Amino acid sequence: MAGVTVAIVGAGVTGLACAAELGRDAVVVDRIPVCGGVLGFDHDATRRLEEAARTAGAALHLGETAITWDGAELVAMGQDGVRRIRADALVIAAGARPRNRAELRIDGDRPHGVVSATVACHLAETGVVVGRRPAIVGDGDWARRADAELRHAGAEPIRVRGRALAVRGTTRVAELVCDDGVVACDAVVLAHGLVPLRNVDGAVVDGVRTVYAQPCPDRGAIATAEEEGRRAAGAALAIMRAT
Amino acid sequence: MRVRSPIGDLPFRVTGIRRDGRELVILGELGAWRSEVRVGAGDVKAVAQLAVDGVRKRLTR
């Protein structure tokens, strides 16, 4: 691993843009066996940035999960076992998730049927709907995706524009109380706001050798993600020079 | 070839084929993951049955 200086977690648009900028100094790890993250492997932006990263000389280890970072070494696990990557800096470009119930401060009962948009979408893709009339909280990318996928799977989702305040129901969701009224529903899909995914042990809080590249606009744009990747590359280079 | 899964769509590239006893083994890459699909006599029968059922359904419409 001599010569490798920046480890990047995440091969989505941000991670690839960062790798393309750093070239041979970059090693990218992603738990999914293809590039692209939420965009998917065959999106134009994914193909363009993957080619740019590979052409620049970055190493891509796809299908390997980053486990821990101790400030000098990233440990990842994949099909061939453990990979130890010595690095001067770590860039976390692992994407973001919708805010959960606690983060949205939605009060009330605790019945079944309150799920994240990511879970609702994954289930819908396999033909399972979280409810016949699920209320979708939020209006960003995940809300639109959940709406489309739940409809495709046969549900009749209700888009909630107001601020969700409380869930009502005993065993199952019956109502969602919002600041502009009460919505009768049998599930609540949380798709409001985004928070960065930080699931590499040792890289959860800000550190001197860790750069976070996780843009979280609720309406994510590819250009924003690319720009964030390039910014992270600059920040990682600054760390390398100071090391 | 493309595989739709809960983690998204993944490309499946066939890299080889071999026989293992009564099974046909299709070797390939699911993205970066080495993968294989094992097809036994029961699978061929099940696929054939599904195809026949599909044709019957279409003819009775």
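Quick caveat, the model's predicted, so the values are computed rather than measured. Chain letters run A, B, ... following the sequence lines, proteins first, then strands; residues in each count from 1.
Summarising the local packing, CZ of R159(A) is surrounded by more than 12 heavy atoms from other residues, nucleotides or ligands at distances under 6.0 Å. Within a 6.0 Å sphere centred on CD of E23(B), heavy atoms belonging to other residues, nucleotides or ligands number more than 12. For R58(B), the CZ atom counts as loosely surrounded, since its 6.0 Å shell holds 12 or fewer non-hydrogen atoms of other residues, nucleotides or ligands. Shown here is R31(A), whose CZ atom has no more than 12 heavy atoms of other residues, nucleotides or ligands within 6.0 Å.
Annotation: side chain to side chain donor-acceptor pair (under 3.5 Å) contacts involving residues 41-50 of chain B, sequence neighbours excluded, comprise Q49(B)-D53(B).
Within residues 28-37 of chain B, the residues approaching chain A closer than 4.5 Å by heavy atoms are, in numerical order, L30(B), G31(B), A32(B), W33(B), R34(B). Residues from residues 9-20 of chain B that place a non-hydrogen atom less than 4.5 Å from a non-hydrogen atom of chain A comprise D9(B), L10(B), P11(B), given in numerical order.
Ranking Q79(A), E64(A), E125(A) against chain B, the residue ahead of the rest is Q79(A), based on heavy-atom pairs under 4.5 Å.
Shown here are the side-chain contact (heavy atoms from CB on, under 4.5 Å) partners of E21(A), two or more places apart in sequence or in another chain: R230(A), A233(A).
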